Each structure stands twice: as C-alpha cells, then as structure tokens.
Peer 1: 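The structure follows.
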Protein chains: 2
Amino acid sequence: MSKMPTIKDVAEYAGVSVGTVSRVLSGEAAVKPVLREKVSAAISALGYRPNVTARALRTSKTDVIGLVVPDITNPFFAQLAASVERAALECGHSLMLASSHDDREAEQSHVFAFLDRSVRGIIVVASSDGSGLPLEGAVPIISLDRRFGSFPLVSTNHAQAAALIADHLYGLGHRHIAYIAGPPDTEAGRMRKEGFVSRIDLFGKTGEAVELEIAYGKFDYESGEKVARDLLSRPPQGRPTAIAAASDQQAIGALRAARDLKIDVPRKLSVTGFDDISLANLVVPRLTTIRQPADTLARRAVSLLLEEPPGTGDEMIDGSLIVRGSSGPCAQPRVAGHKN
Amino acid sequence: MSKMPTIKDVAEYAGVSVGTVSRVLSGEAAVKPVLREKVSAAISALGYRPNVTARALRTSKTDVIGLVVPDITNPFFAQLAASVERAALECGHSLMLASSHDDREAEQSHVFAFLDRSVRGIIVVASSDGSGLPLEGAVPIISLDRRFGSFPLVSTNHAQAAALIADHLYGLGHRHIAYIAGPPDTEAGRMRKEGFVSRIDLFGKTGEAVELEIAYGKFDYESGEKVARDLLSRPPQGRPTAIAAASDQQAIGALRAARDLKIDVPRKLSVTGFDDISLANLVVPRLTTIRQPADTLARRAVSLLLEEPPGTGDEMIDGSLIVRGSSGPCAQPRVAGHKN
DNA sequence: CTGAAAGCGCTTACAG
DNA sequence: CTGAAAGCGCTTACAG
C-alpha cells in the first residue's frame with residue numbers, strides 16, 4: 001500500500017466508471033443494486049478512502065469548522081472548545097483550533113487562515129470587541145461568548161445571569177458589595193457589570209440601599225487576587241461583606257486573597273464567581289457561581305453556522321445560579337460583639 | 001468580490017501565464033523582475049490569496065498538523081495543546097484538534113480522519129497505551145506525553161522527575177509516604193510510579209527505611225480526593241505524613257480531602273503533585289510539584305514531525321522540581337506532646 | 001526565463 | 001441508470 005487507491009482504482013476493480021463509484025459513494029443518485037454491490041466490494045477490497053482534499057476542491061465545501069479562542073489554557077474556553085468539538089463531531093465536522101492570545105492581529109490572521117482553507121464556517125470567541133473586519137459572506141462566521149466584529153453572537157445572557165447573583169447576595173442581607181468587573185472593552189464584561197449594577201440600583205429604589213463599589217480587572221486569577229487584596233486590606237468596618245466577580249478565575253483569586261488576609265469565607269465575606277468552570281467546585285470553599293451553559297452555547301453556535309442559510313440573529317441563553325459554600329448570610333456587623 | 005480571484009485572474013490581469021504567477025508565488029524559480037512586479041501588483045490589486053486546498057491536492061502536502069488529546073478540558077493537555085499550536089504556528093502550520101475522551105475507538109477514528117485530510121503529520125497524546133494500529137508511514141505520527149501505538153514518544157522523563165519528588169520528601173524527613181499512582185495502563189502512570197518507588201527502595205537500602213503505600217486512581221481531581229480520603233481517615237499514627245500524587249489534579253483533590261478532614265498541610269501532611277498546571281500555584285497552600293516542560297515537549301514533537309525524514313527515536317525531557325508551600329518537614333510524631 | 005499543457009482526485013451536468 | 005468529459009485551482013516537468 002505504498003500509494004493510496006483512488007476512485008479510479010476502485011472503478012477499474014469493479015469494472016464501472018468513476019462516475020458510478022462516485023454515485024454510490026454519495027448515496028444520492030440511484031445505482032443498480034448489482035453495480036452497487038460490486039463497487040462496495042471493490043472499496044473494501046482495496047481499502048479505499050475518498051480523498052477529502054479533492055472533494056473539497058471540487059465542491060468548494062469542507063467539513064471543518066474553524067474555532068479561534070483567546071486562550072485555550074483558560075478553563076472556560078477549554079470547556080467551550082470541548083463542547084464545540086463535540087457538537088461539530090455530531091454534525092460530521094472536524095475542528096481547527098487557533099489561539100489568539102488576546103491579540104487582535106493574531107485573531108484576524110487566524111480568521112484569514114481559516115478562510116484560506118475554505119472551512120465550512122468559523123466560530124470566534126473574540127479577544128476584545130473586534131471592529132470593522134472587511135469580511136463579507138464567503139464563509140459564515142459566528143461570535144461565541146464574546147462578540148467578534150458585527151457577526152451574530154451566541155452567548156449567555158450575561159445581564160440576566162449577573163442579576164441572579166445580585167438577587168442572591170441581596171437576599172443574603174449584604175448591603176455593602178464590591179463588584180470586580182471584567183475588561184470594559186469586552187461585551188461580556190460590560191453586560192455582566194450592567195446586569196449586576198442595574199439590579200442593585202433597583203433594590204436601592206424599592207428596598208434597602210446598597211453600597212456598591214466597582215473595580216475593574218482582567219478575567220484572570222491574578223486580577224481577582226490583586227483587586228480583592230486592595231479591597232480587603234481595609235479595616236473590617238469599611239470592607240464589603242460580599243465580592244461578586246465577573247469570572248470564576250477572578251473569584252478564585254479573591255478567595256486566595258481572603259485566605260491570605262485571614263478573612264473567613266463565607267462567615268465574614270461572601271464571594272461569587274461567573275462561569276462554573278470545573279475548578280469552581282473544587283476550591284475551598286466551593287464557589288457560588290453562574291453556570292454558563294457551555295454545551296448549549298456551543299451547540300447553538302454550530303447549528304447557526306451550519307444552517308442553510310446560516311443563522312443571522314443573536315442568541316442569548318440564560319445562565320443559572322449555582323449556590324455553594326462561598327456565599328452566606330451577611331455577618332450583621334451592627335450587632336455589637338459580633339465584630340471581628 | 002462575490003468570487004475569490006484565482007491564479008488565472010491574476011495571470012490575466014498581469015498579462016502573464018499562470019505558471020509565472022505560480023513561480024513568483026513560490027519564490028523558488030527565477031522570474032524576471034519586471035514580470036515579478038507586475039504579478040505582485042496584480043495580486044494586491046485583486047486581493048488574491050492562493051487556494052490552499054488546490055495546492056494541497058496538487059502537491060499532496062498540507063500545512064496542518066493533527067493533534068488528538070484525551071480531554072482538552074484537562075489543564076495539562078490544554079497547556080500541551082496551546083504549546084503545540086504555538087510551535088506549529090512558528091513553523092507555518094495550523095492545528096486540527098480532536099478529543100478522544102479517553103476512548104480508544106474515538107482516538108483511532110480521529111487519527112483516520114486526519115489521515116483522510118492528508119495532514120502533514122499527527123501528534124497524539126494517547127488515552128491509553130494504544131496497541132497495533134495498522135498504520136504505516138503515509139504520514140508521520142508522534143506520541144506526545146503518553147505513547148500511542150509504537151510511534152516515537154516525546155515525553156517528560158517521568159521516572160527522573162518522580163525521583164526528584166522522592167528525594168524531596170525523603171530529605172524532609174518523611175518515612176511514611178503514600179503514593180497515588182496514575183492508571184497502570186498508561187506508560188506515564190507506570191513510569192512515574194516506578195521512578196518514585198525505586199528511588200524510595202534505594203533509600204531503604206542506603207539510608208532509613210520508608211514505609212510506602214501505593215494506591216491507584218485516574219489522573220483526575222475526583223480520584224485524588226477519593227484515594228486521599230481513604231488514606232487519611234485513619235488515626236494519626238497510622239497515617240502517612242506525605243502523599244505524592246501522580247498528577248496535580250490528584251494532588252489538588254488530596255488537598256481538598258485533607259482540608260475536609262481538618263488535617264493541616266504542610267504541618268501534618270505534605271502533598272506533592274506532578275505537572276505544574278497553572279492552578280498548582282493558586283491552590284492553598286500552593287502545590288509543590290514537578291514542572292513538565294510543556295513548551296519544550298511540544299516544540300520537540302513538532303520538530304520531529306516536520307523533520308525530513310521524520311524523527312524516529314524517543315525523546316525524554318527532564319522535569320524540574322518546584323517547591324512550594326504544600327510540602328514541609330515531617331512533623332516528627334515520635335516526640336511526645338507534638339502529636340495531634 | 002517563460003508559456004502551454006498535463007494532472008492531482010474528485011463531482012456533476014450532459015448525453016444516451 | 002450509466003459513461004465520457006469537463007473542470008475545481010493549483011504546480012511542475014517539458015519545450016523553447
């Protein structure tokens with residue numbers, strides 16, 4: 001087997017024309033059973049496998065989906081990638097993966113590289129809000145989780161989900177809350193913050209006022225740790241009783257800062273995340289967070305891509321609140337003697 | 001631009017033959033400067049980009065590397081994937097990614113799928129020791145981290161690295177150690193265990209004897225937590241003073257078990273991992289572990305793949321010990337009053 | 001140094 | 001229902 005057999009070899013072996021072989025391969029056109037048999041026999045006798053490249057050239061259709069993520073090392077993106085791969089596989093497609101390392105140029109060049117390979121479609125988890133990419137519809141493009149250019153976005157309903165956290169914390173009695181926001185140049189960062197803030201504002205109007213501090217950071221561990229450290233190195237009375245973070249990684253960083261500062265979570269401080277990465281359930285205490293429906297998101301993105309014609313509208317999928325050990329009732333500092 | 005321009009369009013625009021265009025594209029053959037200019041001008045005027053598929057069909061060479069990992073959601077594999085992607089990019093190649101979900105059949109079918117796409121080469125992080133794949137050299141295949149079939153393996157020198165941990169723990173005075181091994185059907189699992197055990201045995205002969213318990217598990221969090229829980233729910237005197245795990249994830253699971261059982265790490269128990277995933281530096285306490293040189297591993301794997309002829313021998317790369325807070329001196333239980 | 005032509009392995013109208 | 005033939009967009013001997 002020094003050379004792979006081609007459709008021509010199969011045709012000769014079976015004593016038919018290549019067209020006929022092609023037809024039984026596609027299964028579309030009707031072929032007389034006798035010939036069909038012969039062809040099938042030839043195929044397995046020779047161990048023939050169609051040349052995907054040739055097929056792609058001829059039909060200018062491939063079965064690969066390109067995915068670009070900011071950083072595959074980020075657990076949430078890894079989860080997303082895994083889900084996209086699975087969804088693609090279910091639809092008989094393969095995955096090409098590229099990391100943009102949060103670099104806009106890399107992101108663009110990866111998209112172009114995918115275009116050059118005439119992939120079936122491209123899903124991009126943008127590194128930051130992309131601006132005017134001069135890309136018209138040769139190949140469908142869908143934004144996942146974070147908007148890329150002006151392409152349709154499939155994402156968690158960040159605002160709705162963030163409001164869930166606000167409800168939770170308010171319900172627990174917290175009236176001094178810090179929110180660690182994500183980068184304001186990401187739609188997810190903005191929407192989560194806005195959802196959270198506007199819910200808290202609403203409480204201010206209809207219930208008890210809440211003192212809300214907002215700090216900005218990146219979505220990673222280090223940012224969360226750093227911001228939380230600043231927030232928490234104040235005397236107890238001036239400290240927030242709850243920190244809501246825009247990502248699990250930030251929240252886990254915050255947890256670490258709290259531990260370093262010997263602040264008991266959840267007794268003295270509640271901490272919440274966003275994403276429900278698998279780690280969230282493993283840290284101590286386990287993290288209260290928002291579950292992003294990675295699987296559903298991925299599946300929808302792939303569907304939109306593959307639809308004929310490709311989906312064109314945004315889709316928002318609700319997140320759900322996962323209550324675990326890192327959040328608890330506010331330690332009512334007004335009662336004397338209960339203070340730290 | 002409803003249709004992508006082809007090499008033919010460029011040729012017409014520049015007033016030359018397609019052969020000439022192809023030659024300036026490849027940069028190999030000599031082309032008279034005047035024509036070269038014209039062609040370049042035409043290319044940018046039309047926004048021409050070569051059709052990768054056609055080129056692949058013609059040359060039967062592509063610039064994509066296939067990577068199959070057991071689970072992209074596992075932080076170490078994610079790191080490996082990121083490194084492979086980077087290394088591939090540096091060599092002008094793209095990455096196709098597939099997850100085997102630790103399923104041998106899926107693994108095989110992904111390899112075949114890559115073969116069908118006539119990728120330039122395939123790197124596989126095996127889910128378990130693959131056996132006789134009937135794959136001869138159409139396309140180079142390299143095993144990374146865990147051996148696939150009988151293909152050349154690039155991996156950390158697991159035995160050497162595990163011995164480093166043994167040295168560390170022994171040096172700290174631990175004489176009752178538990179080792180949480182990885183699955184014995186993985187080469188990495190076996191070699192790490194063997195490296196660890198034989199080093200401890202050596203101590204037994206040349207120094208003080210060490211009581212060594214060995215438990216088996218998968219490489220994941222849950223396994224580590226479960227095994228450690230069993231190990232640690234014994235009275236303090238019968239407990240190991242150190243747990244060496246075959247992966248960071250196991251170790252982090254063990255950390256969690258220790259915390260649940262209120263066993264102070266590192267005061268009463270030392271815990272070590274293997275991999276140095278980014279999380280290792282974020283758990284509390286930070287995890288002492290072995291750094292696997294993911295970047296070097298990936299780069300070597302890609303190099304072997306791309307060499308002409310492809311590399312054929314195994315390569316072992318030394319790991320390094322990273323000492324952090326989860327390991328410390330043994331709490332000499334022999335001194336009365338110091339006991340728990 | 002350059003053009004005309006063959007061919008990579010398929011699919012798909014076009015006749016019959 | 002089936003075969004002969006064109007053509008997808010390239011690269012590369014082959015002449016000149």
Side-chain angles (χ1 to χ4, degrees), chain A residues 1-40 42-43 46-64 113 115-120 138-139, chain B residues 1-40 42-43 46-64 113 115-120 138-139:
Chain A
M1 194 208 278
S2 62
K3 214 78 184 64
M4 291 256 72
T6 73
I7 197 172
K8 207 174 150 198
D9 300 320
V10 175
E12 278 170 13
Y13 191 101
V16 300
S17 74
V18 296
T20 300
V21 177
S22 179
R23 280 173 205 115
V24 349
L25 246 27
S26 78
E28 299 289 294
V31 176
K32 209 179 272 176
V34 210
L35 296 191
R36 182 181 296 281
E37 298 283 277
K38 277 191 196 169
V39 170
S40 303
I43 286 175
L46 299 177
Y48 169 74
R49 316 201 94 214
N51 179 316
V52 179
T53 308
R55 186 174 285 173
L57 175 59
R58 181 56 231 248
T59 62
S60 59
K61 289 220 156 203
T62 53
D63 56 354
V64 358
L115 256 17
D116 285 346
R117 314 211 132 58
S118 44
V119 294
R120 176 60 214 279
V139 164
Chain B
M1 195 207 279
S2 63
K3 214 79 183 62
M4 291 256 70
T6 73
I7 197 173
K8 205 173 151 201
D9 299 321
V10 175
E12 279 170 12
Y13 191 102
V16 300
S17 74
V18 295
T20 300
V21 176
S22 179
R23 281 173 206 117
V24 350
L25 246 27
S26 77
E28 300 288 295
V31 176
K32 209 179 272 176
V34 211
L35 295 191
R36 182 182 296 280
E37 298 284 276
K38 277 191 195 168
V39 170
S40 303
I43 287 174
L46 299 177
Y48 169 74
R49 316 201 93 212
N51 179 317
V52 178
T53 307
R55 184 175 287 173
L57 175 58
R58 181 55 229 250
T59 62
S60 58
K61 289 218 156 204
T62 52
D63 56 354
V64 358
L115 256 19
D116 285 346
R117 312 210 135 59
S118 46
V119 294
R120 176 61 213 280
V139 165

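Order of the sequence lines fixes the chain letters, A, B, ..., with proteins taken first and strands second; residue numbering starts at 1 for each chain. The structure displayed is predicted, hence computed values, not measured ones.
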Peer 1: NA contact type, Ser60(A), heavy-atom cut-off 4.0 Å: base, sugar-phosphate, or nothing?
Peer 2: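 Nothing, no heavy atom under 4.0 Å.
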
Peer 1: Could you tell me the separation between the CD atom of Glu12(B) and the P atom of dG9(D), rounded to a whole number of Å?
Peer 2: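 Rounded to the whole Å, the gap is 13 Å.
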
Peer 1: How many whole angstroms separate atom CD of Glu37(B) from atom P of dT2(C)?
Peer 2: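 Rounding to the nearest Å, CD of Glu37(B) and P of dT2(C) are 12 Å apart.
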
Peer 1: If each of Thr53(B) and Lys32(A) is mapped to the nucleotide of DNA chain D with the nearest heavy atom, which maps nearer the 5' terminus, i.e. the 5' end?
Peer 2: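 Between the two, 5'-proximity favours Lys32(A).
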
Peer 1: Rounded to the nearest angstrom, tell me the gap between atom CG in Leu57(A) and atom C1' in dA6(D).
Peer 2: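 About 13 Å, once rounded to whole Å.
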
Peer 1: To the nearest angstrom, how far is Asp116(A) atom CG from dC10(D) atom C1'?
Peer 2: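 Whole-Å distance recorded here is 14 Å.
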
Peer 1: The side chain of Tyr48(A) is closest to which nucleotide in this list: dC10(C), dC14(D), dC10(D)?
Peer 2: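 Selected nucleotide: dC10(C).
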
Peer 1: Would you call Asp63(B) and Arg55(B) a salt bridge, taking side-chain N to carboxylate O under 4.0 Å as the test?
Peer 2: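 No, Asp63(B) and Arg55(B) are not salt-bridged.
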
Peer 1: Search all heavy atoms of Ala14(A) against all heavy atoms of Ala42(A) and return the closest pair with its distance.
Peer 2: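 Here Ala14(A) and Ala42(A) meet closest at CB-CB, 3.8 Å.
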
Peer 1: Tell me which of Pro33(B) and Ala54(A) sits closer to the 5' end of DNA chain C, going by the nucleotide each one is nearest to.
Peer 2: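 This one resolves to Pro33(B).
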
Peer 1: Would you say dG9(D) has OP1 or OP2 under 4.0 Å from some side-chain N or O of Thr6(B)?
Peer 2: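 So the side-chain polar atoms of Thr6(B) never come under 4.0 Å of the phosphate oxygens OP1 or OP2 of dG9(D).
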
Peer 1: For dT2(C) and Ser17(B) - does any side-chain N or O of the residue sit under 4.0 Å from the phosphate oxygens OP1/OP2?
Peer 2: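 So the side chain of Ser17(B) is outside the cut-off, no N or O lying under 4.0 Å from OP1 or OP2 of dT2(C).
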
Peer 1: Write down the distance between CZ (Arg58(B)) and C1' (dC8(D)), rounded to a whole number of angstrom.
Peer 2: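 After rounding, the gap between these two atoms is 14 Å.
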
Peer 1: Tell me: CG of Asp63(B) to P of dC10(D), nearest whole Å?
Peer 2: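 Between P of dC10(D) and CG of Asp63(B): 14 Å.
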
Peer 1: Give none if dG3(C) has no partner; otherwise give the nucleotide forming a Watson-Crick or G-U wobble pair with it, both distances under 3.5 Å.
Peer 2: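 By the stated definition (distances under 3.5 Å), dC14(D) pairs with dG3(C).
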
Peer 1: Nearest 0.5 Å, what's the CZ-CG distance between Arg49(A) and Leu25(A)?
Peer 2: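 Answer for the CZ-CG pair, Arg49(A) versus Leu25(A), is 11.5 Å.
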
Peer 1: Is any side-chain heavy atom of Leu35(A) less than 4.5 Å from a side-chain heavy atom of Val24(A)?
Peer 2: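 Leu35(A) does not reach Val24(A) side chain to side chain.
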
Peer 1: Can you tell which of dG9(D), dT11(D), dT11(C) lies closest to the side chain of Ile7(A)?
Peer 2: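 Nearest listed nucleotide: dT11(C).
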
Peer 1: Just compare dT11(D), dC14(D), dG9(D) and give me whichever is closest to any side-chain atom of Ser22(B).
Peer 2: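 In terms of side-chain proximity for Ser22(B), the closest of dT11(D), dC14(D), dG9(D) is dT11(D).
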
Peer 1: Calculate the interatomic distance between Lys61(A) atom NZ and dG9(C) atom P; express it in whole Å.
Peer 2: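 Taking NZ of Lys61(A) and P of dG9(C), I get 24 Å after rounding.
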
Peer 1: Starting from C1' on dC10(D), measure out to CE on Met4(B) and report it in whole angstrom.
Peer 2: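 After rounding, the gap between these two atoms is 15 Å.
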
Peer 1: Measure across Met4(B) and Asp9(B) and return the closest heavy-atom pair with its distance rounded to 0.1 Å.
Peer 2: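 Here Met4(B) and Asp9(B) meet closest at O-OD2, 4.3 Å.
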
